[in-house]
Amino acid sequence: MLSERLQLKLFLEPTVVELEAIIPVFHRFIREQVVNELLIDVIDYSHVPDGPGVVLIGHSADYYVGAMDGKYGLVYSLKRGGPGASMRLEDSLRRLVNVARLLEQESGLKLRFQSGALGLRLTDRLHAPNDDLTFESAKTEVEQLFARVYGAQVAVERVREARGPLALGIRVAGSPSLEALLEKLGGPPAAYAAPSGWH
Amino acid sequence: MTVATTWKQMLAGRVREDWAREIDIYETQLELRKKGKIEEKLFAETRLRRGTYGQRYDNGQRHDGQRTQTLPFPSGELTKGPVTMWDAPGMQRIKIPFGKLSADQLDVLSELAEEYSDQILHVTTRQDIQLHFIHIEDTPDIMRRLAAVGITTREACGNAVRNVTACPYSGVCHTESFDVTPYANAITYFLMGHPDTQDFGRKFKIAFSGCKDEPCGLTNFHDAGAIAKTRVVDGELKRGFEYVVGGGLGAVPYPATLFDEFLPEEELFPVTQAICRVFARLGERDNRARARIKFLVKKLGIEEFKRLVLEERSKLRTDERWLSFLSDLHITDEKPLRAAGSLPAAPYPDGFEAWRKTNVRPQSQQGYSTAKVTLPLGDFTPAQGRALADIARRFTGDSMRATVEQNLMYRWVSDADLPAFYAEVARTGLGAAGADGITDVTSCPGTDTCKLGISSSRGLATELHKQLTVLGDTLAPAAQELHIKCSGCSNSCGQHHVADLGFLGVSRNMNGRRVPHFQLVIGGQYKNNAGAYGLAIGAIPSKHVPKAVKTLTDRFVNERQPTETFQAFVQRIGKKQIRKLVDELSIIPTYEQDPSYYSDWGDPREYTIGDLGVGECAGEVVPLVQVGLAGSEREVFEAQLLLDEGNSQGAAERAFSAMVQAAQALTREKNSFLGEGVDEIVREFRSHYYDTKLFFDPFSGGKFAHYFFRAYEHRGEASVSKDAAHQLIEEAQLFVEAAHQCYTRIAGALP
Ligand code: SF4
C-alpha cells in the first residue's frame, strides 16, 4: 500500500453504542499497556454528530470508536511509521482486529463486530490520490490480502465522496471470529519498528 | 512527466514566493534541530511563531490515574523546546484573519484534519482554526498546503501580533458605522512580519468592531481595539475609530482604556505601528507574567502612554501603505451568489423555525440574512467541512466567517433559500438551533489538550450542553439567551469573565484527595464589546456545576423583573445569595461513598494520586492550613461585596487582608511561632515560600507571590479606584488559589 496513512474500519453489529463506556476502557489500555504500541491519551468527541467518537490517541496510530460515516465501528488510523509499504495494510488489519477483539472481550460494553464488513480510506492525497489508478491498485492489494486471511471471496467497491480521500468498501463472505482472524494474521502484533525505521 | 513525491513539488508555483521561502526556511530549521544544530529554545520560538504549539504530556510524562508513566517516544531525548519531546503530539494554530473562510480553504483545512490530525477541526474563541495531535514533522507540509489556498500560519503564536479579529457581521450589520473588514484585512498584512512587531515581550491582539454597543467585536479585552465611528468634519463625513488600548483577560482582566475618541482612518496604521514600537521598547521583557501591554499602560498611565505613542508617531518615516489601502476599501466586498428574495411560505423542514429564530439574522441588505451553523464546542469533522464548503458554493459564495462563539456564520443567504439552506446544514448533523445561547457553551481546550489546564473545561461544557439541550424549549426565553463560558485555568482563553455564567477551572483538596472544581464567575457583561468583567463567587466541585447552573437559571427565570438582565438580577439579589448556593454545593460525598466526584467530566482517571499517603507532619498541619485558606476565600468574597456597595477602599483592604490570611496559614506550617503582624507575615512568607521557590508552580513561577508583595507595598494608599480594587480582588483570588496549590503540594497530594 503506497498510501502512508490509512484508516481501516470494522463495523459494529447494529446496536446502541454507549460511547461514554469506551472512555475508561481506553484509559485502561494505556495504563496497562494492553496494546503493543505507544498510546498517549483518550479524547471524547462524542458531542460531534457523525464524528470520530471516542479517540485513543497513539504515536503511530489512533483508534476511534464512533460513527464517522454514519455507521458505528472501530477505526484504526495509521498516521506514521509502521512497516514498509508491502506490509502496511496487513499490519493495519492485524492491529485493528486485535483491538476489536479486546473491545469484544470487555463484557460491560457488549460490542460485536461484523468481521466480514470493512471500510478502507487512504488518507494520503500525495501518495494515494482519489483516482482510478490508485483504486485499481488498492483493490488488487485488498483482494489478495483478504482472500488469503479470510480464505473466502472478497468484494471491493469504491465509495465516492466528493473531494474525500479514496475510500473502499470491503465485503468478505462468512463471518469468522476475530480470534480466528487474528491467528491467521500471526497473533497480537509486536511493537512497531525501532526509531530508525520511523519517518 | 515526473510524479511529485513531496507536497513541495506538488504545490510548486501555487504558493506565494515569499511564503514558500519562509516555509522552506522553517523546514531547514526543523532539520537542523533534529541534528542538534539549533538550540532548543530558539527552535521553540521559531515554531511558535509559525503557530506550532505544544500540548499536554509533551514533557513525556502522563499520569494514568494511578501513577505517572513515561511515554517512550521513539526519538528518545530529542526535544522541540525546553522540556518538550520531539515526537509529542502538538497543536497547529491556523490564523484566519477576522475568521473569513472561502470554500476552497475549508476544503483544504478539512483535508489536513483528515490526514494529519484526529479528524476534528476546532474553531477557537479568536476566530482561528486549530488542529490537534499533529506531529512536528508534518507541519511544513501543512503550512504549504494552507499557503496554496492563501492561508499563512505566520505569527499565529509567539510574541507577535496574533490573529486580527472583527465582528462577523461587518458589512452586513444594521448597527455598524461602516464595514471594518477592509481595515482588519489590511492591518493584518501590514503588521505581519513588520520589523516593528518582531521584538515584543509578549503577544499583541487586535480586534475591530463595527459599533460600540454590541458584543461582536469584544474590543474591550484586546491589547488594541478599534470601534468604527464617523464624524462630520468641515461638512464632510469622515471615517475613524474609537481606539482603545491595554485591555486583556488572562489571570487578571483589564478593561481597555480609551486612547482616542476618534482616530481618523488615515492614522490607524501609523498610530498602531507607533504603539507596537513603544510596546517593544518599554514593555516588560523579563517577567512574562507582566509583559502584556495592559501592564505598560497601567504603569505609565494612559496620558503618558499616549504622549509617548504620539511622539513615536511623529518620528516615523512615512510608509505609503498607511494610506494606499484606503483607495480600495471595496477589496473585501462580497458579491451575493443568489438573488435577494423573501422567505417562502410553509411548509418548512423539521426544526427550521426554531433554528431560524436563534441562528438567522436579517442583513442590512434587504432580502438577505446571515445564518449560523452551531458547532458543538467549536468542533466539526472533515466530511462536515466539505459539506459546509459545498453549501457555500451553492448558496452564498466565499463569505463564511468563524466566530468568537466558536461557530461558523454564512452571510448573503437569500431569504428565499433559507429553508433549503437549513435542510442542507441539517443534513451535516450541524443544524442545531440555539446559536450563541445557553446551550451553545463556549470552552477553551482545558485539560483535553492544553498543558496549563487544571480542570476539564471541555468536559464540563459537553455535560452542560447535553443537559441543557435536553431541557431545550422548556427553558424560559430569558434563560435561553444567557451565555456560559468555561476556561480550564486562570489564563481565561474561554473568556469566562464576560459570560453571564463563567466557570474557571481550579482544584481543591477534600477528604484527603484532590477534587476538580470550577470557580463560578458572575457579573460579566457580553454586550457593549464585553463591557464588564465578572468576579469569582466561590469554587464548586465540577460534578455539582450542572446543578448550580440549573438552580441559578431557575431563580433568574422565576424571580427576575420584566426586562431585567442577568447582571442586574445578580446585583439586585446580592452575591451573598449566590454564595449561599455555592456553599451548599461545596459539600461532596467521601471517596468511598461516591468516587465519581474525584474524577473530572469525561475523564474517569482519578484526579488525585490515591496511593500517596499524608505524612504525620502534614496530617497535623492540614486542618490549620485549610481553615486559614477557607477564611481567606471568604475575605475575597467579602471584598467583592464591598466593591458592589461602592466601597473601593474597603474592598481593596479586604482583598489584601485575604492574601495576608492565606500567606499566614501557609507560613505557620514552617514557623509555628508566626505572629499576626503583616510585616512579619510577609517577611516570613518570602523567606519560606518565595526565596525557596516552594510557592512557585511550573508554569507561572512566582507570579502570584508578586501580586501579594505588590499589594503589600501599596497597602493603605489614600484613594483606590473601582478598577484598581477590582483588579486587587482578582489578584487576591489568584493568590489564594496558588496558596491552595502550594498547600496541596506540601500535603503530598500533587505529583
Ligand atoms: S484557559 Fe488555561 S486551560 Fe484553557 S486553553 Fe487557556 S491556558 Fe489552556
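Below, all heavy atoms of this structure are taken into account, side chains as well, without hydrogens, waters or symmetry copies. So that the names make sense, note that chain A is the first sequence line, chain B the second, and so on, each numbered from 1.
Using a 4.5 Å cut-off between heavy atoms, A/L6 does not touch chain B at all. Only the side chain of A/L38 comes within contact range of chain B, with heavy atoms under 4.5 Å apart. For chain B, the nearby parts of A/H47 are the backbone and the side chain; heavy atoms of each come within less than 4.5 Å. Looking at B/R458, only its side chain comes within 4.5 Å of chain A, counting heavy atoms on both sides. Residue contact with chain B, scored on non-hydrogen atoms closer than 4.5 Å, is absent for A/D69. Contacts between B/L71 and chain A at a heavy-atom distance below 4.5 Å involve backbone atoms as well as side-chain atoms. With a threshold of 4.5 angstrom between heavy atoms, B/P376 approaches chain A through its backbone and through its side chain. When heavy atoms are compared at a cutoff of 4.5 Å, A/I43 approaches chain B solely by way of its side chain, counted from C-beta outward. When heavy atoms are compared at a cutoff of 4.5 Å, A/R28 does not approach chain B at all. If you measure heavy-atom distances from B/D87 to chain A, the contacts under 4.5 Å come from both the backbone and the side chain.
Atom CG of B/D350 is surrounded by 12 or fewer heavy atoms from other residues, nucleotides or ligands within 6.0 Å. The local environment of CD in A/E32 is crowded, with over 12 non-hydrogen atoms from other residues, nucleotides or ligands closer than 6.0 Å. The number of heavy-atom neighbours closer than 6.0 Å to NZ of B/K466, taken from other residues, nucleotides and ligands shown, is above 12. The environment of CD in A/E18 is sparse: at most 12 heavy-atom neighbours from other residues, nucleotides or ligands sit within 6.0 Å.
Checking each of B/I136, B/T79, B/D58 against B/W86 for a side chain to side chain contact (heavy atoms under 4.5 Å, CB included) leaves exactly one that passes, namely B/I136.
Here B/P72 is the residue among B/A432, B/P72, B/G459, B/G602 with the most heavy-atom pairs under 4.5 Å with chain A. Top candidate by heavy-atom pairs under 4.5 Å with chain B, chosen from A/I40, A/V55, A/D124, is A/I40. Chosen from A/D41, A/V54, A/I30, the residue pairing most often with chain B at heavy-atom distances under 4.5 Å is A/D41. Each of A/V48, A/L126, A/V42 has some count of heavy-atom pairs under 4.5 Å with chain B, and the biggest count is that of A/L126.
Ionic pairing of B/R386 and B/D107 is not present here: no N-O contact between side-chain nitrogen and carboxylate oxygen is shorter than 4.0 angstrom.
The minimum heavy-atom distance between B/M10 and A/R125, with the atom names listed, is CE-O, 4.4 Å.
The cationic group of B/R62 lies under 6.0 Å from the six-membered ring centre of B/Y57 and within 45° of the ring axis, placing it in a cation-pi geometry.
At a heavy-atom separation below 4.5 angstrom, chain A is approached by B/E111, B/E114, B/E115, B/Y116, B/S117, B/D118 within residues 108-118 of chain B.
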Stepwise salt bridge (Lys or Arg N to Asp or Glu O under 4.0 Å) test for B/E424 and B/R427: CA-CA 5 Å; B/E424 286 304 309; B/R427 269 160 54 102; 3.6 Å; yes
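A donor-acceptor contact under 3.5 angstrom links the side chains of A/R101 and A/N98, judged on distance only. Defined by atom type and a distance below 3.5 Å, a donor-acceptor pair is present between the side-chain atoms of B/Q384 and B/T381.
Taking the side-chain hydrogen bond (donor to acceptor under 3.5 Å, both in side chains) definition, one finds that B/S599 meets it with nothing, sequence neighbours left out.
Taking the centre of each ring, A/Y76 and A/Y63 come in below the 6.0 Å mark.
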